[in-house]
Participant: 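Below is a structure I'd like to ask you about.
Both counts, for ligands and for their atoms, begin at 1 and track the order of listing.
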Amino acid sequence: MPDAPELIAVENPATGEVIDRLELAGPAAVDAAVQAARKAQPEWGAATPGERAAVLHRVAGLLEQRAEEFARTETRQCGKPIRLSREFDVPGTSDNATFFAGAARLLEGKASGEYSAEHTSSIRREPLGVVGSIAPWNYPLNMAGWKIFPALAAGNAVVIKPAEINPLTTIMLARLFTEVGLPDGVLTVLVGTGPVVGEALVSHPEVDMVSFTGSTPVGKRVAELAARGPRRVHLELGGKAPFVVFDDADLDAAVHGAVAGALINGGQDCTAATRAYVQRPLYDRFVDGVAELLDTVRMGDPGDPATDLGSLISAGQADRVHGFVSRALAAGARAVRGGTGPDRELGPAFYSPTLLVDAAQDAEIVRDEVFGPVLVVLPFDSDDQGLALANDTRYGLAASAWTRDVFRAGRASRELAAGCVWINDHIPIVSEMPHGGIKASGYGKDMSAYALEEYTAVKHVMSENTGIARKDWHRTVFSGVAGRSGGADV
Ligand code: NAD
């Protein structure tokens, strides 16, 4: 008798309730999905951009129609506040689908031309083939969209592995594609663990590109495995975003921006504001302002529209966050708010917003990604020092600068080493603009036309346009042959 399939329980982290039990895929399912993708891709790749756009448009439309169902499922499987799911995760994903539907029809390249007198050159942008995608648990629907839409828009087939703990909205999204007629095999979702399904996918010889979003350590492993192909790799990894407040900043705006930037999605956001550097004259007032604002944050039932902060992804994540905070306190930091551990009344996955001061720049809490509702505030004196402290990190995903001085803003936008720099805000993203990091935050771009380009191969087609048999340049190979001429008379 065959072994019973291994199941994974998808839990609501806020309550511990089991929402669903799913069968875990293994290496055989990876192989079957990749072979199906290989078979289906040529037809999908040959569809016109307009036909591919139509599929994406229809999916965007269905997502809008069923927005509430998606939002509720996202909130239940993540513990994130329903307001966030309704106002960001779901509409952001349908907007992204709409963007890539349009972008599919607007692939750009160099103009065709005679870059050598005898040849006409043109550029083709072709699909790569089969893309193996791996996504994290923090914004499951959104991340699935970021991976699937540009890859399909460019004519690839996709096999995607969401995080196995909350794959429900990725599966629902794939069903929308089936509903609108995407051919079988062009998109497959595999529910499985990283070491088994993730590694089998990125190592599969028939996978042409690996697109990964997740932590930096796992990203390194994925890049190593993919390099054995070798195959193209796109890595969206961790972050430790600085939030730099200069002494001329609008203090109220900076305080609100810091709290929103640190607490969004429970701080489980790769671009979350994690390290606020505040110029000395504003430092005390900034810390007081953030503390007061944190007191107004309502942590509770994620399904209640009045809730600001839901649970974290799991009790384990709350313990992990508390490990960082406890070590920071032991190393000399002071908790102005929070820092007391998982919430006893609400449940083990709830963690109160935590504001830390007096941490050293080289402390773990300032250097490593915590992925929880924790903000550390540090002072600085000169502009040079503030920017240097902000850049003193191995990550480079996002950063923000708060100032009303146009020259400071310009300098910060040039000098902050990150894939995105906000001026007087922190967090907003738009489908038209790229998202992606430098340094240990990875390489490659999600969203925008840049992402579409990543999922294509650039082909140069060079057509000789004189009809002359013996080309002038052949002299570099056949010594003694006279130059340009037309054939038999040489
Ligand atoms: P993670 O690295 O633990 O897991 C990400 C995905 O990789 C999951 O699907 C997981 O199952 C899979 N995986 C785990 N081990 C694997 C292996 N050996 N081979 C292949 N796949 C494997 O990350 P996470 O905890 O799910 O997500 C949080 C991380 O994601 C944070 O570091 C965050 O900053 C990062 N993130 C980055 C971005 C970005 O755009 N840069 C966006 C969201 C999240």
Participant: On the ring face of Phe324, is Arg327 found with NZ or CZ under 6.0 Å from the centre and within 45° of the axis?
Facilitator: yes

Participant: Mark the output for Phe212 as yes if a heavy-atom distance to ligand 1 is under 4.0 Å, and as no if none is.
Facilitator: yes

Participant: Of all the atoms in ligand 1, which lie at a distance below 4.0 Å from a heavy atom belonging to Glu199?
Facilitator: 17 (C), 18 (N), 19 (N), 20 (C)

Participant: Without swapping roles, check the side chain of Arg320 against the backbone of Val370 for a donor-acceptor pair under 3.5 Å.
Facilitator: yes

Participant: Quick one: nearest non-hydrogen protein atom to atom 37 (C) of ligand 1, plus distance?
Facilitator: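 Checked against all protein heavy atoms, atom 37 (C) of ligand 1 sits closest to Leu237 O, 3.1 Å.
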
Participant: Is Pro162 near ligand 1, meaning one of its heavy atoms is under 4.0 Å from it?
Facilitator: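 Contact present.
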
Participant: Is there a side-chain contact between Val30 and Val159 in this structure, where contact means two heavy atoms from C-beta onward sitting under 4.5 Å apart?
Facilitator: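 Side-chain contact under 4.5 Å: no.
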
Participant: Which is it for Val218 and ligand 1 at heavy atoms under 4.0 Å: side chain, backbone, both or neither?
Facilitator: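 Only the side chain of Val218 comes within reach of ligand 1.
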
Participant: Using a plain distance cutoff, I'd like to know if Thr193 has any nitrogen or oxygen under 3.5 Å from a nitrogen or oxygen of ligand 1.
Facilitator: no

Participant: State whether the side chain of Asn12 and the backbone N or O of Gln77 hold a donor-acceptor pair below 3.5 Å, judged by distance alone.
Facilitator: no

Participant: Counting C-beta onward and ignoring hydrogens, is there a side-chain heavy-atom pair between Val55 and Trp44 closer than 4.5 Å?
Facilitator: yes

Participant: Please list, one pair per line, the donor and acceptor atoms closer than 3.5 Å that link side chains of residues 220-228 to other protein atoms, with sequence neighbours excluded.
Facilitator:
{"residue": "Arg221", "atom": "NE", "partner": "Glu199", "partner atom": "OE2", "Å": "3.0"}
{"residue": "Arg221", "atom": "NH2", "partner": "Glu199", "partner atom": "OE1", "Å": "2.9"}

Participant: Give a yes or no on whether the backbone of Gly192 and the side-chain of Lys161 come within a donor-acceptor separation of less than 3.5 Å.
Facilitator: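 Yes, Lys161 side chain to Gly192 backbone: donor-acceptor pair under 3.5 Å.
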
Participant: For atom 3 (O) of ligand 1, tell me which residue out of Ser215, Pro195, Gly442 has the closest non-hydrogen atom.
Facilitator: Ser215

Participant: Heavy-atom distance under 4.5 Å between the side chains of Thr98 and His57, does that happen here?
Facilitator: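 Answer yes - side chains close enough.
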
Participant: Enumerate donor-acceptor pairs with a distance under 3.5 Å from any side-chain N or O in residues 334-343 to protein atoms, sequence neighbours excluded.
Facilitator:
{"residue": "Arg334", "atom": "NE", "partner": "Asp358", "partner atom": "OD2", "Å": "3.4"}
{"residue": "Arg337", "atom": "NE", "partner": "Asp295", "partner atom": "OD1", "Å": "2.8"}
{"residue": "Arg337", "atom": "NE", "partner": "Asp295", "partner atom": "OD2", "Å": "3.3"}
{"residue": "Arg337", "atom": "NH2", "partner": "Asp295", "partner atom": "OD2", "Å": "3.0"}
{"residue": "Asp343", "atom": "OD1", "partner": "Glu345", "partner atom": "N", "Å": "3.0"}
{"residue": "Asp343", "atom": "OD1", "partner": "Leu346", "partner atom": "N", "Å": "2.8"}

Participant: Considering only non-hydrogen protein atoms, determine which one is nearest to atom 36 (N) of ligand 1 and report residue, atom name and distance to 0.1 Å.
Facilitator: Cys270 CB, 3.7 Å

Participant: Any idea which protein heavy atom is nearest atom 24 (P) of ligand 1, and the distance to it?
Facilitator: Trp137 NE1, 3.3 Å

Participant: Going by heavy atoms in the side chains, are Val366 and Tyr277 under 4.5 Å from each other?
Facilitator: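 Val366 reaches Tyr277 side chain to side chain.
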
Participant: In terms of atom number and element, which parts of ligand 1 are under 4.0 angstrom from non-hydrogen atoms of Val222?
Facilitator: 20 (C)

Participant: Among all protein heavy atoms in this structure, tell me which lies nearest to atom 28 (C) of ligand 1, with the distance rounded to 0.1 Å.
Facilitator: Phe371 CE2, 3.5 Å

Participant: Applying a strict 4.0 Å limit to heavy atoms, is Val202 in contact with ligand 1?
Facilitator: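 The answer is no, since Val202 has no heavy atom less than 4.0 Å from ligand 1.
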
Participant: Quick one: which ligand 1 atoms are inside 4.0 Å of a heavy atom on Asn138?
Facilitator: 43 (C), 44 (C)

Participant: Pick whichever of Pro136, Gly194, Gly132, Gly192 has a heavy atom sitting closest to atom 17 (C) of ligand 1.
Facilitator: Gly194

Participant: Side chains of Leu152 and Leu182: does their closest heavy-atom pair fall under 4.5 Å?
Facilitator: yes

Participant: So do Arg298 and Asp308 actually touch side chain to side chain, heavy atoms under 4.5 Å?
Facilitator: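 Yes - at least one pair of side-chain heavy atoms lies under 4.5 Å apart.
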
Participant: Heavy atom of Gly437 under 4.0 Å from ligand 1?
Facilitator: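 False for this residue.
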
Participant: Just one of Arg76, Glu74, Glu69 clears the side chain to side chain donor-acceptor pair (under 3.5 Å) bar with Thr169, so which one?
Facilitator: Glu74

Participant: Would you say ligand 1 has an N or O under 3.5 Å from any N or O of Trp146?
Facilitator: no

Participant: Please determine whether any non-hydrogen atom of Ser441 lies less than 4.0 Å from an atom of ligand 1.
Facilitator: no

Participant: Backbone or side chain, does any N or O of Asp446 fall under 3.5 Å from an N or O of ligand 1?
Facilitator: no

Participant: Please list, in number order, the atoms of ligand 1 under 4.0 Å from a heavy atom of Ile134.
Facilitator: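 Ligand 1 atoms under the 4.0 Å threshold to Ile134: 6 (C), 7 (O), 9 (O), 12 (C), 20 (C), 21 (N).
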
Participant: Quick test: of every protein heavy atom, which one is nearest to atom 35 (C) of ligand 1, and how far off is it to 0.1 Å?
Facilitator: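 For this ligand atom, the closest protein heavy atom is Gly214 O, 3.2 Å.
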
Participant: Can you name the atoms of ligand 1, numbered from 1 with element, that are less than 4.0 Å from a heavy atom of Glu164?
Facilitator: 11 (O)

Participant: What are the atoms of ligand 1, with element, lying closer than 4.0 Å to any heavy atom of Ala135?
Facilitator: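 What qualifies from ligand 1 is 6 (C), 8 (C), 9 (O).
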
Participant: Between Glu369, Lys161, Glu224, Arg221, which one has a non-hydrogen atom sitting closest to atom 10 (C) of ligand 1?
Facilitator: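 Nearest option to atom 10 (C) of ligand 1, by heavy atoms: Lys161.
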
Participant: Using distance alone, determine whether His435 and ligand 1 share an N or O pair under 3.5 Å.
Facilitator: yes

Participant: Any nitrogen or oxygen of Leu397 lying under 3.5 Å from a nitrogen or oxygen in ligand 1? Just yes or no.
Facilitator: no

Participant: Taking only heavy atoms of Ala163 into account, list the atoms of ligand 1 that are under 4.0 Å away from them.
Facilitator: 9 (O)

Participant: Is any side-chain N of the basic residue among Glu68 and Arg72 closer than 4.0 Å to the acidic one's carboxylate O?
Facilitator: yes

Participant: Please test Glu369 against Ser215 for side-chain hydrogen bond (donor to acceptor under 3.5 Å, both in side chains), starting from the C-alpha separation and ending with a verdict.
Facilitator: CA-CA 9 Å; Glu369 192 178 36; Ser215 62; over 6 Å; no

